[in-house]
Amino acid sequence: MAPKKNARDRPTTPTPAVAAAQDAAPAASSPAPAPAAKTSTKGRANWDEVMLNIYQYYMKETPQRTKLIDVFLSFLVVVAALQFLYCVLAGNYPFNAFLSGFCATVGQFVLTVSLRIQTTAVNKSDFPSVSPERAFADFVVCSLILHFFCVNFIN
Amino acid sequence: MRSFLSTAIFVFAAAVSAVSTAGNRLLVVLDDVAEKDNYKQFFGDLRERGYQITYDTPRSEHVKLFHLGERTYDHLVLLPAKVKALGPNLTPNILVDFVNADGNILVALSSTTPASSSLTSLLSEIDIALPAERTGTVVDHFNYDTVSAPETHDVLVLDAPTSVRPGLKNYFDVSGVLSFPHGAGHTLGAGALLTPVIRAPSTAYSYNPKEQAEVVDPEDLFAAGKQLALVSVFQARNSARVAVVGSAGMLQDKWLDAKVSRPDGKKVKPENREFAKRISGWAFQEIGVLRVNNIEHQLKGDNETNPEIYRIKTDVSYSISVSEYSWNAWEPYNLPANDALQLEFSMLSPFHRLDLKPLSVSDSATVYGTAFTLPDQHGIFNFKVNYKRPFLTYVEEKNTVSVRHIAHDEWPRSYVISGAWPWISGIGATVTGFVGFCAIWMYSKPVEGKTKRK
Amino acid sequence: MSVQWQRATLIVKDAPHRPRSVDQAHYVPQAPSCPQLRVWRFRGHSRRIKIKVSPLHQPSGQPSPVVVANMTTEAPTRPEGVNTKSTRTLLRVVILLFIAGAAISSRLFSVIRFESIIHEFDPWFNFRATKYLVANGFYKFWDWFDDRTWHPLGRVTGGTLYPGLMVTSGAIYHALKALTIPIDIRNICVLLAPAFSGLTAYAAYLLTNEMTTSPSAGLLAAVFMGISPGYISRSVAGSYDNEAIAIFLLVFTFYLWIKALKLGSMLWGALCALFYGYMVASWGGYAFITCLLPLHAFVLICMGRYSTRLYVSYTTWYALGTIASMQIPFVGFLPVKTSEHMPALGIFGFLQLIAFIEYVRSAIPSRQFQTFLVTILVATFGVGLIGLVGLTSLGYIAPWSGRFYSLWDTGYAKIHIPIIASVSEHQPTAWPAFFFDLNFLIWLFPAGVYMCFQDLRDEHVFIVVYALFGSYFAGVMVRLMLTLTPIVCVAAAIALSSMLDTYLSAKSPDPKEVELAAEAASKKPPKPSTGLRGSEKPTIGIFHVSSKFVVVASVVVYLVMFVTHCTWVTSNAYSSPSVVLASRMPDGSQHIIDDYREAYQWLRQNTKKDAKIMSWWDYGYQIGGMADRPTLVDNNTWNNTHIATVGKAMSSREEVSYPIMRQHEVDYVLVVFGALLGYSGDDINKFLWMVRIAEGIWPDEVKERDFFTARGEYRVDGEATETMKNSLMYKMSYYNYHSLFPPGQVSDRVRGVRLPDQGPVLHTLEEAFTSENWIIRIYKVKDLDNVGRDHAAVAAFEKGQKKKKASKKRGARVLRVD
């Protein structure tokens with residue numbers, strides 16, 4: 001089940017990760033996805049465009065603070081991926097430790113995504129009762145609950 | 001009242017302890033009280049060993065084995081009596097009750113006097129069968145006494161009893177020959193409570209002199225050879241004992257003194273007196289009595305003895321102290337060769353079955369013990385010593401303990417397990433990341449506000 | 001697939017710009033007036049109200065959620081001067097208090113009619129566990145190894161129970177003690193269920209208020225919840241079972257979920273997760289929530305109603321709720337290992353995917369997006385499905401457990417798991433039970449669900465989904481009537497309140513005004529419809545007083561009938577503790593049959609402390625609780641083999657049973673026998689289940705067929721089969737029974753048959769105790785015979801029969817070998 005979960009997470013990962021990487025080296029970004037789609041020319045063209053569009057949109061539209069969230073998200077993804085990789089390679093012997101470690105990261109990830117959603121101006125209308133300050137407070141409270149449970153569970 | 005009773009019992013117990021572990025009140029039931037003179041030596045030996053002997057006949061009305069539900073005698077000797085039944089006070093039911101109430105019985109049979117029906121039913125209840133019509137004479141045309149029965153061949157000369165099977169103590173090895181005059185044989189059922197002490201020689205057989213005087217039809221043969229037991233003992237589950245001696249003559253003065261000889265041997269004095277002492281001593285619990293003094297089990301490295309609960313997969317030691325009573329004193333019990341005292345640690349079925357090793361020997365007891373690791377299974381277990389051997393008091397000791405699971409705080413912590421470190425650091429990274437993120441977020445807030453305004 | 005998806009997303013695209021709920025319409029200043037108007041008209045009020053309400057809210061900006069809730073209910077304020085906000089709140093509080101009072105007091109029937117006693121079976125265990133908790137503290141309780149049940153296996157009780165109930169009572173006990181109110185723990189246990197029913201009524205009120213704007217609906221729902229027999233059946237005083245608090249938690253968790261979904265707030269999601277965790281700690285039925293919330297989310301996504309609020313609330317709930325539920329030792333790793341929990345996980349992953357796609361969609365043009373979408377979707381679903389199947393077949397994920405199979409296929413349990421099927425509350429529900437338990441709510445229920453369709457917001461979808469699922473499960477298993485009851489109460493309250501609101505409004509609409517309004521509506525451009533097509537409401541108003549009167553009167557009559565029905569059912573059907581039986585004397589006075597306690601008391605006083613009692617598992621908890629003696633099996637039924645062993649001992653001949661009983665160190669055997677009194681719940685009537693369960697493990701030794709006569713009848717009289725007559729259960733039940741009757745008159749009043757004059761003979765057991773009405777019979781297991789005979793021979797000997805001469809005229813004699 002964990003792998004499946006991760007598999008679904010992974011699609012989410014490229015955006016911030018790639019974006020973050022591109023912050024540093026924009027030139028290197030376009031060739032990267034190209035080899036993956038070499039099989040069909042049409043596909044390649046599309047994929048290039050898609051990636052480019054996403055990148056441009058991201059750089060243009062994202063406020064500074066949201067980028068901060070994205071950095072944190074990509075950090076969490078890396079941590080989750082490392083943990084998962086370790087689980088696959090070395091086995092999940094203290095299963096509770098694996099679960100709590102992985103759940104902590106995944107839970108933190110979704111909470112942070114929620115924070116990102118709630119603080120994004122576009123979604124304002126969806127959350128009439130949640131101001132960004134309130135969202136941040138909620139986020140802190142939820143994270144603390146999550147950490148408490150995880151630390152308790154890892155024993 | 002109660003304290004008076006208990007003191008009385010204590011005094012009583014102290015008085016009898018010199019004799020037998022089971023008391024010293026002995027009732028002898030014989031045809032005629034005068035007949036006791038035939039057994040002077042036998043009863044004399046008994047009296048010397050401390051028994052208070054009461055003689056009575058089955059016809060007497062005072063013979064009461066129970067008074068107000070309590071036994072009035074500790075031991076009972078039934079000698080042949082010429083009655084059809086032993087009367088209303090010695091019915092088979094009362095006799096069985098007597099055994100159930102820890103009373104011991106020594107039965108002597110004879111081919112000259114038919115066994116009473118009460119006795120037959122008593123014996124048949126403990127799975128000892130007597131010849132039909134309650135008479136039968138054991139003859140052996142090879143091992144008879146040439147002195148007293150050159151013609152009838154019904155006085156047998158027997159070797160000293162040997163052990164029934166290896167690994168048993170032999171209490172009846174008298175090193176000599178025994179005479180077995182005018183005896184009636186019996187057969188034993190397959191029960192484990194019965195043990196033959198003397199079996200007939202393979203050439204002996206039992207026949208009915210009245211009906212089968214001329215020829216014995218093999219179909220009608222009662223028993224022959226090793227299947228024919230001459231002296232047998234029975235020990236009930238409560239360790240009350242019943243001994244059956246096929247020939248009352250064996251115990252009579254006449255035969256204790258007479259010399260016997262086999263057809264091809266010389267005249268020897270039989271060891272009947274010694275044998276009579278041993279068989280009566282065994283039957284009245286003077287030998288072959290085991291006592292468990294003390295049982296201890298404890299957790300390794302813990303001082304509490306006999307705790308009620310253990311945890312799975314812990315080391316536990318167990319010890320049991322056993323004494324044996326031998327005529328007049330408690331002695332340390334030593335296992336015979338090829339035998340083992342075993343401990344079972346069982347729940348429904350044994351999880352461990354271990355030989356107990358002698359750990360220490362004191363003046364009056366041997367301590368056997370072992371140590372082992374509890375199984376990985378929680379439940380209600382028994383430390384069980386089930387030592388049941390012929391001639392020895394049954395030892396069945398059960399100490400119940402609970403074995404619990406590992407409590408929530410007894411598991412190794414995650415930080416002890418190296419395998420969990422990556423995930424602990426994962427949580428650590430997440431939490432640190434979270435704290436750092438929150439700090440930056442709050443720090444960057446005013447800036448954020450400005451940019452928003454712009 | 002892609003086409004469907006496109007449609008869905010198209011609708012989603014519109015989502016942010018469209019007010020979805022009435023509440024939003026209030027405080028979003030630029031909100032268009034049309035949806036509002038529509039709603040008001042449906043309520044049948046004039047525009048005046050809108051004018052009055054709107055200024056009230058607009059200046060206040062964004063009110064807190066609590067205020068929102070209040071405002072929602074107050075929306076159709078009647079303009080009378082006395083009805084200020086505070087008086088209404090006060091009135092509401094008073095009404096709710098009265099409802100709670102009614103809910104509690106109607107549950108006290110059992111105490112009044114009988115006494116303050118723990119009921120039935122499971123509560124006895126919970127009571128015993130609570131006493132242990134109070135006496136030994138929480139950590140001891142957590143690590144409790146119970147060596148007085150399931151002898152000799154023992155039970156890791158601390159790790160195999162839902163501790164919520166005991167911890168709750170323990171906390172109450174200590175709290176009261178800290179307040180220097182000494183109270184017996186038994187009274188807390190007895191009164192816990194009624195106390196929580198008051199809270200459940202309040203939770204139902206809150207939940208209903210989220211669904212509708214009508215102020216009366218919530219109160220009606222609270223009343224219904226408080227007194228509906230479906231819920232009372234599990235929560236009378238003394239019924240100290242997990243359900244006592246679990247139903248409150250269920251309803252409250254749903255309320256928090258709706259709240260979280262509506263507001264899209266992480267905090268509410270976290271609260272929902274916490275209460276979900278509490279629910280997990282309290283009742284195995286938590287799986288209902290675990291399946292219902294993902295289903296709701298899934299239905300919303302399929303309807304194209306994905307929103308960021310859904311993402312926030314669902315993921316928060318799942319992330320926190322799952323890790324919270326894993327803290328309970330009994331649950332442990334189940335949330336990631338069993339199929340029951342997989343839907344929640346799947347939806348969690350699915351939401352991540354959708355959220356990501358949504359984000360990308362906002363970033364790139366639609367044509368590129370299509371390619372992107374198809375690739376991602378196909379890849380993800382492929383990987384997910386393969387992963388799930390692979391892991392299940394490799395055994396990492398447990399397939400559905402038996403109890404869940406029996407929910408899909410009602411015949412499954414009967415064939416494969418007799419132990420589940422043998423429990424009466426796992427049987428499919430009989431139709432009359434719905435009417436008995438819910439009375440007129442059951443036909444208001446569909447109406448309420450229909451009303452939810454009329455104005456289909458996210459929370460209404462929840463009602464619909466819950467209603468469908470709840471009805472199905474309630475139909476499959478009697479016990480799950482309990483989970484259906486809350487939604488029935490809510491839906492019925494919605495229906496009834498809208499009816500009452502319509503018919504009770506004192507003011508009839510003016511026909512002219514209505515026409516004007518209709519014209520105004522038709523002039524407006526067609527607006528995007530939120531509900532289903534065709535749910536455009538025509539203007540409704542009641543124009544005549546008499547029709548109002550008739551309808552209202554009939555509703556009142558129904559309500560009164562409902563209340564009488566509930567009272568009657570509560571006092572007569574659901575208040576019996578089943579430990580104590582009530583019967584009527586010929587003169588009408590009540591006669592208490594107290595055989596159970598008599599027998600348990602006998603055991604407590606006359607047997608040694610560790611005497612093991614063998615009985616059928618139904619009585620295990622009671623023996624443990626009332627007699628305080630170790631039992632072989634009890635209602636926990638965690639070890640089917642052990643139960644089958646007892647079943648085998650009961651259904652076999654004495655010669656077979658005796659070694660089993662010796663091996664398990666049984667000292668006494670207890671049977672329930674109702675033939676004298678006509679008490680039908682006795683062991684002979686349950687006997688076939690014992691046989692079936694034993695047959696499941698030992699098909700060669702116990703055969704159900706042997707207990708039926710050649711004509712296939714289950715008989716206990718002279719015609720009974722030999723197997724039946726020789727079974728230990730039969731013998732123990734009818735032993736000595738014939739001695740009560742004159743010859744030829746021996747009769748069994750449960751089975752209604754004449755029994756033979758000669759009763760069965762028991763050798764290995766002896767009768768130790770028989771209660772006043774012969775309901776409980778206790779037998780002592782005899783020891784092995786002292787001189788080594790078998791028990792039949794002992795009996796024969798004691799009767800004076802001579803042992804048959806074994807020596808003569810037999811073929812081969814048994815030779816002694818040693």
Side-chain angles (χ1 to χ4, degrees), chain A residues 1-15 42-43 46-47 49-50 52-58 61 95-96 99-100 103-104 106-111 113-115 117-118 120 122-131 134-135 137-139 141-142 145-146 149-150 152-153, chain C residues 15-17 24 27-28 62-65 68 263-267 269-270 273-274 307-309 311-312 315-316 318-320 322-324 326-327 332-333 336-337 342 345-346 348-350 352-353 355-357 359-360 362-365 368-369 371-372 376 379-380 383-384 387-388 391 396-397:
Chain A
M1 72 120 293
K4 184 175 62 113
K5 139 116 260 346
N6 202 51
R8 284 189 181 165
D9 264 357
R10 204 151 276 166
T12 337
T13 65
T15 341
K42 189 189 167 199
N46 272 342
W47 274 101
E49 273 175 57
V50 169
L52 200 68
N53 270 330
I54 292 176
Y55 170 67
Q56 281 168 352
Y57 173 83
Y58 183 80
E61 299 288 321
F95 193 48
N96 63 326
L99 271 186
S100 50
C103 283
V106 171
Q108 190 66 62
F109 179 80
V110 294
L111 288 177
V113 170
S114 299
L115 177 68
I117 290 174
Q118 290 187 343
T120 309
V122 185
N123 295 328
K124 199 83 195 131
S125 57
D126 257 359
F127 301 99
S129 70
V130 182
S131 63
R134 165 88 193 271
D138 284 3
F139 167 74
V141 169
C142 291
I145 295 173
L146 179 77
F149 278 139
C150 286
N152 185 35
F153 194 59
Chain C
H17 312 294
Q24 287 169 16
Y27 31 73
V28 178
Q62 291 173 340
S64 76
V68 172
L263 300 178
S265 152
M266 272 189 271
L267 189 67
L274 287 182
S307 67
T308 45
R309 280 178 287 114
Y311 178 87
V312 171
T315 51
T316 312
Y318 183 77
L320 292 182
T322 307
I323 192 84
M326 285 194 287
Q327 312 292 315
F333 300 140
V336 292
K337 284 200 154 169
M342 285 301 122
L345 182 75
F348 178 70
F350 191 43
Q352 309 298 328
L353 187 68
F356 175 60
I357 290 170
Y359 175 75
V360 172
S362 64
I364 53 176
Q368 293 176 353
F369 176 67
T371 332
F372 180 80
I376 295 265
T380 318
V383 170
L388 188 65
L391 283 176
Y396 287 109
I397 302 175

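So that the names make sense, note that chain A is the first sequence line, chain B the second, and so on, each numbered from 1. These values consider heavy atoms only, across backbone and side chains, with no hydrogens, waters or symmetry-generated copies.
With a 4.5 Å cut-off on side-chain heavy atoms, A/Ser100 and C/Met326 do not count as touching. Two residues are said to be in side-chain contact when any heavy atoms from C-beta on lie closer than 4.5 Å; A/Val113 and C/Thr315 fail this criterion. Between A/Cys142 and C/Thr316 there is a side-chain heavy-atom pair separated by less than 4.5 Å.
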Intermediate values then yes/no, side-chain contact (heavy atoms from CB on, under 4.5 Å), C/Thr322 and A/Phe149: CA-CA 10 Å; C/Thr322 307; A/Phe149 278 139; over 6 Å; no
Stepwise side-chain contact (heavy atoms from CB on, under 4.5 Å) test for C/Phe348 and A/Val110: CA-CA 10 Å; C/Phe348 178 70; A/Val110 294; 3.4 Å; yes
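Taken to the nearest 0.5 Å, the OG atom of A/Ser114 stands 13.5 Å off from the CZ atom of C/Arg309. Here the CD1-CE distance, from A/Ile117 to C/Met266, works out to 9.0 Å after rounding to the nearest 0.5 Å. The CD1 atom of A/Ile145 sits 13.0 Å away from atom CD1 of C/Ile323, with the distance rounded to the nearest 0.5 Å.
Heavy atoms closer than 4.5 Å to chain C are found in the side chain of A/Val141, but not in its backbone.
With chain A as the partner, the residue from C/Ala270, C/Ala319, C/Ser265 showing the most heavy-atom pairs under 4.5 Å is C/Ser265.
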